[in-house]
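Only one structure is covered here, and it is reproduced in the block below.
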Amino acid sequence: MALALSSAPTFCHRVLALRSGHARRGIGQVAIDSRSSRKRSAPIVAAVQIGGVTLTREEVVRQDDPTNNVPDSVFSKIGLQLHRRPDHPLGILKNEIYSFFDEKFPAGLFRKFDDLSPVVSVKSNFDDVLVPPDHISRSYNDTYYVDGNTVLRCHTSAHQAQMLRDGLTHFLVTGDVYRRDAIDATHYPVFHQMEGFRVFSESEWKDTGLDGTDLAVKDLKETLEGLAKRLFGNVEMRWIDTYFPFTNPSFELEIFFKEKWLEVLGCGVTEQEILKSNGQSGKVAWAFGLGLERLAMVLFDIPDIRLFWTSDPRFTAQFKAGQLGTKFKPFSKYPPCYKDISFWITDAFTENNLCELVRDVAGDIAEEVSLIDQFTNKKGISSHCYRITYRSMERSLTDEEVNAIQDKVREEVAKQLQVTLR
Ligand code: DAH
């Protein structure tokens, strides 16, 4: 699937079209399926600190709440804040974008936030930015729920409304975001986004001969083309009309890079309703959202999204603050190990649940999970066969350990996913 703004596109209509073919699940059922996968052996920290807020494991991984589907493997990523490490590719990229805004606009005009807690209300994550009540991104299959009213933000747009209520008119919000999704080289349950937002007052368009919306579109496109040039050099670019719940009109920016059109961000003119409901009546605004891994993988030649999380110095030592152009030199590529698993599925089965279980059991040595065969028997029961690729970024795996992991995966799949192993 083509990538959008992030490692896991959700809000643009092209993806919606792709995903709407998936059967929707009963919410409770999926939540219960996925939450039981949290039992794992790795040590779990008891609490993390983010921007002065303390989040304890008990608050986020609620064993007692059937609406909770946050596994320990995801909780353990909260607070790591890769985007705040100056020598990390994500930190380098964030700082480069900051510099661009501080040079194009008066320095400091855009207020910067990168330390907001990822635990947000359903209202901020969805309602406040006009995500429709039946939108697929709200499902327990796609989003991590802490409880019925609280989620791990699935995008940095979750902070828009509060920022507006706080009276901010120019801001950049960077943060870790969380989505239940597939396992492959570009999808990981945690990734990073940056949201940009600019509010215009009437005085700014009055004398330009443009109306507010036209001014916002013009300024938005100029700003983002400038940003793309700053990051990618003199590349060919094109604007694609699209749909987001929060903006109208909405666009995606694509650049021609290594012989391919590559989507780099989503943006648009903010829906009036969002401004009005949050104390900014009579204004016009633009907003954009970009996926940092998406851009960093291209800019630094990083072939696998898991590498962002490694503390192996052969990775981390290759990057230095301020050096955007560095190309990653793979230190070695260890051999993959493939294991297939086949089972009869029921309606409750989803690939996201399988992937999360594999991630929980195998950790980051799970490189890819792909459906390689499926059929339906005469009784109408369907069989799926998945190939799991195991490979460490850091070392060779032994047959023994992969077999032990695969046995555990089989055991947990049978126990938790209500399927019958074949
Ligand atoms: N929130 C969107 C996503 O996660 C990205 C995005 C698109 C943000 C358009 C925006 C916007 O602010 O205007 O896919």
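Counting starts at 1 for both ligands and their atoms, in listed order. These numbers come from the heavy atoms of this one structure, side chains and all, not from hydrogens, waters or symmetry mates.
- Geometric assessment of Lys283 against the ring of Phe200 yields a negative cation-pi assignment under the 6.0 Å and 45° thresholds.
- Residue pairs meeting the side-chain hydrogen bond (donor to acceptor under 3.5 Å, both in side chains) criterion with at least one partner in residues 81-93, sequence neighbours excluded, are Gln81-Arg84, Gln81-Asp115, Arg84-Asp114, Arg84-Asp115.
- Counting heavy atoms closer than 4.0 Å to ligand 1, residue Phe246 contributes side-chain atoms (C-beta onward) but none from N, CA, C or O.
- If you number the atoms of ligand 1 from 1 as listed, the ones under 4.0 Å from a heavy atom of Gly268 come out as 13 (O).
- With Phe251 as the aromatic partner, Lys221 meets the cation-pi criteria of under 6.0 angstrom to the ring centre and within 45 degrees of the ring axis.
- Near Phe244, meaning under 4.0 Å from any of its heavy atoms, are these atoms of ligand 1: 7 (C), 9 (C).
- For the pair Gly196 and ligand 1, the shortest N or O to N or O distance does not fall below 3.5 Å.
- With Phe110 as the fixed residue, the ring-ring contact (aromatic ring centres under 6.0 Å, His included) test singles out one of Phe288, Phe171, Phe100, Phe105: Phe105.
- Annotation for ligand 1: atoms under 4.0 Å from non-hydrogen atoms of Gln193 are 3 (C), 4 (O).
- Below 4.0 Å from some heavy atom of Gln160 lie the following atoms of ligand 1, by number and element: 12 (O).
- Annotation: side-chain contact (heavy atoms from CB on, under 4.5 Å) contacts of Lys123 (sequence neighbours excluded): Ser121, Asp127, Asp128, Arg165.
- For ligand 1 and Gly289, the ligand atoms under 4.0 Å from any heavy atom of the residue are 6 (C), 8 (C), 10 (C), 12 (O).
- Ring geometry for Phe349 versus His384: interplanar angle over 60°, hence perpendicular rather than tilted (30 to 60°).
- Which parts of ligand 1 touch Cys267 is read off a 4.0 Å heavy-atom cut-off, strictly below it: atoms 9 (C), 11 (C), 13 (O).
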